[in-house]
Amino acid sequence: MLKHYCLFFYILASPLCIAQNDSLLIQQNQISIKSLEAKTQYLNRSLNIQSKQFRNLQYQLEIIRSRNDSLNENLQLELAAFTKNMERFQASQAQTERALNNALLDFQAKFEAQNEYAQKMQSTLDSRIQLELIYAAATGIILIILFLAFNKLMLKRGLKQNLASWNQFQDHFLKKSVS
């Protein structure tokens, strides 16, 4: 009978245990569901916040893109103006360089012409100086010859006069001593 008793007790206790296990499972599942619902609500709120932040970031991105486009346009305009200014500057610089080269060529031609003229003047001056030196030397020689000739002539005349004076003195002295 103990067997029956055990069997009866087992048959009776077994559904109660199962029912108790099922109710515990249901409670655990309900707690899990509530926890999941709370997590879902938290995630929904977080998703809404992130969605708002995403829309805000998209709006800021659009603003940045529009600013970037306007900056690109301004940059392109400034670059075009800078390029035009640079081309004008290069053209002006090339023109200035050509004018400077022409001025240097003119200066070089004038300098060479002046050098040729200076060489001609130097050769003319050299020839004139040589001619003047020849004339001066010839004049000096002629003057020396004239001086020597005049000196000789004067010496002869002086000697003649001295000799005549001496002769007169002797005549005069002899006349006095004879008288």
Side-chain angles (χ1 to χ4, degrees), residues 39 41-179:
K39 286 181 183 178
Q41 286 176 356
Y42 173 75
L43 289 174
N44 279 338
R45 277 181 278 162
S46 177
L47 183 63
N48 285 338
I49 291 171
Q50 288 178 355
S51 181
K52 286 179 185 177
Q53 288 176 346
F54 181 72
R55 281 191 297 257
N56 190 16
L57 289 174
Q58 281 182 325
Y59 176 71
Q60 289 176 356
L61 182 63
E62 287 300 321
I63 290 173
I64 289 172
R65 282 183 181 161
S66 68
R67 286 181 185 168
N68 188 26
D69 291 342
S70 68
L71 287 175
N72 280 340
E73 289 175 16
N74 288 340
L75 184 62
Q76 291 296 331
L77 292 174
E78 287 181 17
L79 187 60
F82 179 74
T83 304
K84 286 180 184 178
N85 286 340
M86 189 57 112
E87 288 172 356
R88 275 190 245 130
F89 175 73
Q90 286 176 343
S92 172
Q93 187 179 12
Q95 187 177 13
T96 303
E97 187 176 338
R98 283 191 298 271
L100 185 60
N101 285 340
N102 288 338
L104 285 174
L105 289 174
D106 288 344
F107 178 73
Q108 183 180 8
K110 288 179 182 177
F111 185 72
E112 287 174 358
Q114 189 177 18
N115 280 345
E116 289 176 13
Y117 181 73
Q119 286 175 351
K120 286 180 186 176
M121 289 300 291
Q122 184 68 33
S123 64
T124 304
L125 185 61
D126 288 343
S127 65
R128 283 187 181 175
I129 288 174
Q130 287 176 352
L131 188 62
E132 291 292 326
L133 285 175
I134 291 172
Y135 286 152
T139 305
I141 291 172
I142 291 172
L143 284 176
I144 289 172
I145 291 172
L146 284 175
F147 178 72
L148 289 175
F150 184 70
N151 196 13
K152 193 174 189 181
L153 180 69
M154 287 302 187
L155 187 62
K156 280 185 185 180
R157 187 187 274 175
L159 281 176
K160 279 184 189 177
Q161 271 184 351
N162 277 343
L163 189 59
S165 291
W166 181 252
N167 285 339
Q168 269 180 355
F169 175 73
Q170 281 182 352
D171 280 341
H172 178 59
F173 187 68
L174 282 175
K175 278 186 194 180
K176 271 193 180 191
S177 45
V178 175
S179 344

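FYI, the numbering just counts along the sequence from 1.
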Could you measure the distance from the [atom1] atom of [X] to the [atom2] atom of [Y]? Nearest 0.5 Å is fine.
X      : Y      : atom1 : atom2 : result
Asn68  : Leu61  : CG    : CG    : 10.0 Å
Asn162 : Arg157 : CG    : CZ    : 13.0 Å
Ile134 : Ile141 : CD1   : CD1   : 11.0 Å
Lys152 : Ile145 : NZ    : CD1   : 12.5 Å

Does a donor on one side chain sit under 3.5 Å from an acceptor on the other, for [X] and [Y]?
X      : Y     : value
Arg55  : Ser51 : yes
Asn72  : Gln76 : no
Asn101 : Arg98 : no

[X] side chain vs [Y] backbone, donor-acceptor pair below 3.5 Å:
X      : Y      : value
Thr96  : Ser92  : yes
Asn167 : Leu163 : yes
Ser165 : Gln161 : yes

Query raised in the report: Of the options Met121, Gln114, Gln119, which is the one that meets Tyr117 in a side-chain contact (heavy atoms from CB on, under 4.5 Å)?
Result: Met121
Report task. Start with the C-alpha gap between Glu87 and Lys84, add the side-chain angles, then the distance that decides, and say whether salt bridge (Lys or Arg N to Asp or Glu O under 4.0 Å) holds. Result -> CA-CA 5 Å; Glu87 288 172 356; Lys84 286 180 184 178; over 6 Å; no
Requested in this report: Please lay out, stage by stage, how Gln122 and Asp126 fare under the test side-chain hydrogen bond (donor to acceptor under 3.5 Å, both in side chains).
Outcome: CA-CA 6 Å; Gln122 184 68 33; Asp126 288 343; 3.2 Å; yes
Report task. Might you confirm whether atom CD of Gln58 has over 12 heavy atoms from other residues, nucleotides or ligands at distances under 6.0 Å? Result -> yes
Query - side-chain hydrogen bond (donor to acceptor under 3.5 Å, both in side chains) assessment of Asn48 paired with Arg45 - result: CA-CA 5 Å; Asn48 285 338; Arg45 277 181 278 162; over 6 Å; no
Query raised in the report: Trp166 and Gln170: side chain to side chain contact (heavy atoms under 4.5 Å, CB included), yes or no, with the steps?
Result: CA-CA 6 Å; Trp166 181 252; Gln170 281 182 352; 2.5 Å; yes
